[in-house]
Structure formats: C-alpha cells, structure tokens
Student: 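Provided herewith is a single structure, encoded as structure tokens, for subsequent inquiry.
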There are 2 protein chains.
Amino acid sequence: MRWDDIDKQICSVARALSVVGERWTMLILRDAFLGTRRFDQFQSNLGITRHRLSERLGKLVDQGVLVKVPYHDRPLRHEYRLTRKGLGLYPVLMSLARWGDEWMDKGEGAPLEYIHQRCGHMTRPTLTCSECAEPLRPEEVRPRLGPALQDPNLPPQQASLKKIPSLSKPAG
Amino acid sequence: MRWDDIDKQICSVARALSVVGERWTMLILRDAFLGTRRFDQFQSNLGITRHRLSERLGKLVDQGVLVKVPYHDRPLRHEYRLTRKGLGLYPVLMSLARWGDEWMDKGEGAPLEYIHQRCGHMTRPTLTCSECAEPLRPEEVRPRLGPALQDPNLPPQQASLKKIPSLSKPAG
DNA sequence: TAACTGGGTTCCAGATCGGAACGAGTATGG
DNA sequence: CCATACTCGTTCCGATCTGGAACCCAGTTA
C-alpha cells in the first residue's frame with residue numbers, strides 16, 4: 001500500500017496521520033501552540049526549507065487545522081492560526097512532549113515545564129478515563145468494534161481488522 | 001536543517017518524533033498495542049513493504065521501544081513486543097485515535113470503541129492535569145523554561161526557543 | 001523431491017527532500 | 001527615480017527515501 005492511501009483505512013490513527021503524519025508537520029503545530037504564526041517565524045524556529053514549509057502549511061490549511069488570517073494589506077500578509085480542529089491536537093502534542101521528557105531526556109531535565117493556571121501547579125499531563133477519571137493504562141482498556149466496523153459488507157482488505165487480539169503482557 | 005538532526009534539538013517533541021515520527025512507525029505501534037507481534041502479521045495488516053517494515057522494526061528495537069523475544073528455536077523465530085518505553089506511547093496513540101474519531105470521521109462513527117475495564121464504561125480518553133485532575137485546555141496552560149533551557153551557554157541556533165510567546169486566542 | 005512458511009535482503013524506478021537561487025509586491029533611503 | 005531590503009513564497013536540481021517485486025535461506029510438511 002502507498003502511504004498516500006492511508007486516509008482510506010478504517011482506522012482513526014491512520015486517518016489522523018494522513019493529516020499530521022508527515023515530516024515537520026507536528027513540529028509546525030508545536031510552534032503554533034507556542035504562539036508562532038508567521039511564515040518566517042516558523043522557518044527560522046524550525047530550520048525547515050521554505051519550500052517544505054509552504055507545502056505543509058498549505059496542507060494544514062486545506063485540512064482545516066490552520067486558517068490564514070490577514071494581518072496586513074498592501075502588501076497582503078496572512079498569519080496562520082490554529083482552528084478548533086487544530087486545537088484538538090493539543091493532547092497529542094502534550095503526550096508526545098511528556099514521552100520525550102521521560103524517555104529521551106539527555107540528563108539535563110525537561111526543556112519546558114507547564115503551569116496549569118487553573119490550579120497554579122506544574123502539571124504532568126495524564127491521560128484519564130472520561131467516566132471514572134482514573135489514569136488509563138493499556139492493560140485495563142479493551143477495544144471492541146465500533147459502528148464503522150460493524151457493517152457486514154466491508155471492503156475485503158479490511159477484513160483482518162475485524163479480529164482484535166487482546167493485549168497481553170509485554171516484555172521489558 | 002536535515003530531518004535526521006531533529007533529535008539534537010532541545011525539544012521533547014522533536015526528540016520523540018526522531019523515534020516515532022517516520023512513516024508507518026505509529027501504525028506499527030498501533031498494531032502492537034492491539035496485540036500484533038509477528039513480522040508477517042504486521043506486514044499483512046499494514047500493507048507496508050517487507051523492506052520498510054524490517055527497517056522500522058529494527059529502529060524501534062534499537063531505540064528500546066520494542067524487544068525481540070524468541071518464541072521458537074530451529075528455526076529461530078522472534079516476535080516483537082512493546083517495552084515499558086513503548087507502552088509509554090499509549091497516550092500518544094489514544095490521543096491520535098480520539099482526534100481521528102472526532103475530526104476525520106466519514107459519517108460511519110468510530111472504528112473502535114474502548115472499554116475501561118476498571119470502571120466498566122466506554123471511555124473517551126481525556127488529557128488531564130496531574131495536580132487538579134481537570135481536563136487540560138491549551139489556553140489554561142503556560143509553558144516556562146525548564147532545567148534544560150536555563151543553561152546560559154546554549155548553542156546559538158537554539159536562542160530563539162528562549163522566547164516563549166504566550167498562547168492567545170485562535171481563529172475558527 | 002517439491003512446495004510452503006516465516007523472516008528477512010537486494011535491486012531499481014519513481015517520489016520526496018534539502019539547499020540555493022529566483023521572483024513579486026511593497027516600502028525605505030537618498 | 002533608482003537601489004536596496006523585507007516578507008512570503010516558487011522553481012530548479014542533485015541527493016535521499018520509498019514501494020514493488022524478486023530473491024534468499026532455514027526448517028517443515030507432503
């Protein structure tokens with residue numbers, strides 16, 4: 001299968017990655033969450049080439065993750081802002097950052113810390129259950145078929161997805 | 001900057017992406033969390049080429065995200081299991097999946113649902129504050145410099161990172 | 001002996017990337 | 001009026017990465 005076809009998979013992770021799974025895209029969004037909005041700011045913060053940046057920003061705008069908002073006429077200039085769809089990626093980025101802090105640390109500690117202004121404390125973002133508020137641990141979560149996979153006439157290449165193996169103990 | 005150099009950035013997101021940011025890697029891990037362990041299973045589930053799969057699995061093993069565990073001698077066969085470091089990526093994958101469910105739905109509903117066995121309910125994974133347990137909203141979190149960025153003799157190209165703009169209201 | 005299975009590796013054409021040069025629209029300085 | 005500069009891109013080209021198919025190798029079944 002070609003990478004370009006992953007958005008056709010019946011899998012939310014694959015669909016999400018078809019939007020944010022390319023090189024640089026997540027780093028562009030990280031910068032957007034930290035307040036970067038203009039082409040040149042992105043370019044100098046990231047060290048990405050202009051060509052690639054232009055392409056990625058264009059795709060994010062097409063997908064509704066960013067919007068172009070004019071901030072100056074004559075010459076017409078736009079800045080790129082997160083939409084609600086883009087803001088929805090906050091948990092993904094924070095989870096990535098926390099994993100990087102915990103497992104890719106080079107001994108100097110975390111680059112950034114986060115203050116939760118609502119409670120005033122330094123926070124460690126934690127994924128929890130919406131129903132019981134306990135932290136979600138992979139061994140305690142069991143996937144089951146949702147509406148999209150209960151359709152009896154699935155395309156044949158998706159058939160293997162219907163068998164969900166149960167998650168058992170890992171090594172390490 | 002070349003993509004291969006992003007692990008040298010003083011940024012946890014960049015470091016995390018240096019391990020899991022390549023094409024297919026997250027989908028391999030999604031399958032691993034659903035119980036896939038053997039080369040051929042990954043290959044047929046994902047539709048990735050053997051060559052690419054071999055390369056990605058090798059890198060994940062090198063990075064300590066997966067381990068090779070023998071399950072058969074004569075001929076020697078290994079399976080790939082998540083380590084604790086790999087299990088640490090669960091919030092990233094669940095956040096991606098939830099974003100895909102919410103924003104990339106094609107009208108048929110979610111492919112998979114998740115039952116939290118501890119409480120017995122269908123869960124919507126939510127990122128919360130470790131201190132006050134409230135859901136983390138980007139407007140309510142303020143980043144500040146951590147230990148790794150307080151060092152006065154930073155490499156010059158990282159200087160721009162020291163200016164953290166505050167997050168203001170998005171459009172959309 | 002032949003075909004099959006699991007787990008790869010080799011090869012190559014085509015897609016993607018990074019770096020540098022180029023360009024358009026507008027402002028600034030003299 | 002002309003040169004220069006700034007912002008936000010686009011074009012071009014050589015290098016790298018990717019996907020598809022073929023090949024390999026150690027056992028195993030028939």
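All of these numbers come straight from a predicted model, not from anything done at the bench. All values below come from the heavy atoms of this structure, side chains included, with hydrogens, waters and symmetry mates left out. Every chain is numbered from 1 and lettered A, B, ... according to where its sequence line falls, protein lines coming before strand lines.
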Student: Which part of the nucleic acid, if any, lies within contact of A/Phe42, taking any heavy atom under 4.0 Å across all strands shown: a base, the sugar-phosphate backbone alone, or nothing?
Tutor: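 Result for A/Phe42 = nothing.
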Student: State whether the distance check finds a donor on one side and an acceptor on the other, under 3.5 Å, for side chain B/Arg52 versus base D/dG19.
Tutor: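 Answer is yes: a donor-acceptor pair is held.
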Student: Ignoring backbone atoms, test whether B/Arg38 places a side-chain nitrogen or oxygen under 4.0 Å from the OP1 or OP2 oxygen of C/dT5.
Tutor: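 Checking C/dT5 against B/Arg38, no side-chain N or O comes under 4.0 Å of OP1 or OP2.
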Student: Could you state whether B/Leu27 and A/Met1 fall into the same hydrophobic cluster, counting links through intermediate Ile, Leu, Val, Met, Phe, Trp or Tyr residues with side-chain heavy atoms under 4.5 angstrom apart?
Tutor: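 Per the 4.5 Å side-chain linkage, B/Leu27 and A/Met1 are co-clustered.
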Student: Are any non-hydrogen side-chain atoms of B/Thr49 and B/His51 less than 4.5 angstrom apart?
Tutor: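 They are in side-chain contact.
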Student: For C/dC17, take OP1 and OP2 only and decide whether either is under 4.0 Å from a side-chain N or O of A/Trp24.
Tutor: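 For C/dC17, neither OP1 nor OP2 has a side-chain N or O of A/Trp24 closer than 4.0 Å.
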Student: Take the protein atom OH of B/Tyr71 and the nucleotide atom P of C/dG6, then report the distance between them rounded to whole Å.
Tutor: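 Answer to the nearest Å: 8 Å.
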Student: For A/Glu134, which residues count as a salt bridge (Lys or Arg N to Asp or Glu O under 4.0 Å) partner, sequence neighbours excluded?
Tutor: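 Once residues adjacent in sequence are excluded, the partners of A/Glu134 under the salt bridge (Lys or Arg N to Asp or Glu O under 4.0 Å) criterion are B/Arg118.
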Student: Hey, does B/Asp4 reach any base, or is it just sugar-phosphate, or nothing, if we go heavy atoms under 4.0 Å?
Tutor: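 Contact class for B/Asp4: sugar-phosphate only.
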Student: Nearest-Å distance, CD1 (B/Ile48) to C1' (D/dC17)?
Tutor: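 Those two atoms, CD1 and C1', are 13 Å apart.
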Student: Are any non-hydrogen side-chain atoms of A/Met26 and A/Leu93 less than 4.5 angstrom apart?
Tutor: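 Counting from C-beta outward, A/Met26 and A/Leu93 do come under 4.5 Å.
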Student: Distance check needed: C/dT5 P versus B/Gln43 CD, whole Å only.
Tutor: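 Those two atoms, CD and P, are 14 Å apart.
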Student: Measure the distance from CD1 on A/Ile28 to C1' on D/dC8 and round it to the nearest whole Å.
Tutor: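 Checked: the CD1 to C1' distance equals 15 Å.
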Student: Kindly say whether A/Arg37 contributes a backbone atom to a donor-acceptor pair with the side chain of A/Gln41 at under 3.5 angstrom?
Tutor: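 Checking the backbone N and O of A/Arg37 against the side chain of A/Gln41, a donor-acceptor pair under 3.5 Å is found.
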Student: Given that B/Arg77 and A/Glu22 both sit by DNA chain C, which one's nearest nucleotide is further toward the 5' end?
Tutor: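 Closest to the 5' end, via its nearest nucleotide, is B/Arg77.
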Student: Could you pull out the protein-nucleic contacts involving nucleotides 9-12 of chain D (nitrogen or oxygen on both sides, under 3.5 Å)?
Tutor:
unit_1	atom_1	unit_2	atom_2	d
D/dG9	OP2	A/Tyr80	OH	2.9
D/dG9	N7	A/Arg50	NH1	3.0
D/dT10	OP2	A/Ser54	OG	2.5

Student: Going by an N to O cut-off under 4.0 Å, is there a salt bridge joining B/Asp40 and B/Arg50?
Tutor: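 So B/Asp40 pairs with B/Arg50 through a salt bridge.
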Student: Just the rounded figure in Å: distance from P of C/dG6 to CZ of B/Arg37.
Tutor: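 Rounded to the whole Å, the gap is 17 Å.
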Student: Roughly, in whole Å, what's the span from CG in B/Leu27 to C1' in D/dG19?
Tutor: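 My rounded result for the distance is 16 Å.
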Student: Strictly by ring pair (Phe, Tyr, Trp, His ring centres under 6.0 Å), give each pair with a member in residues 125-149 of chain A just once, sequence neighbours left out.
Tutor: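 Residue pairs passing ring pair (Phe, Tyr, Trp, His ring centres under 6.0 Å), neighbours aside: none found.
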Student: Can you check the A/Gln41 CD to D/dC6 P distance for me, whole Å?
Tutor: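 The answer, rounded to whole Å, is 16 Å.
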Student: Any donor-acceptor pair, under 3.5 Å, between the side chain of A/Arg2 and the base of D/dG19, if you only look at N and O atoms?
Tutor: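 Check fails, no donor-acceptor contact within cut-off.
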Student: Could you state the CG-P distance from B/Leu53 to D/dC17, rounded to the nearest angstrom?
Tutor: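 The distance from CG of B/Leu53 to P of D/dC17 comes to 18 Å, rounded to the nearest Å.
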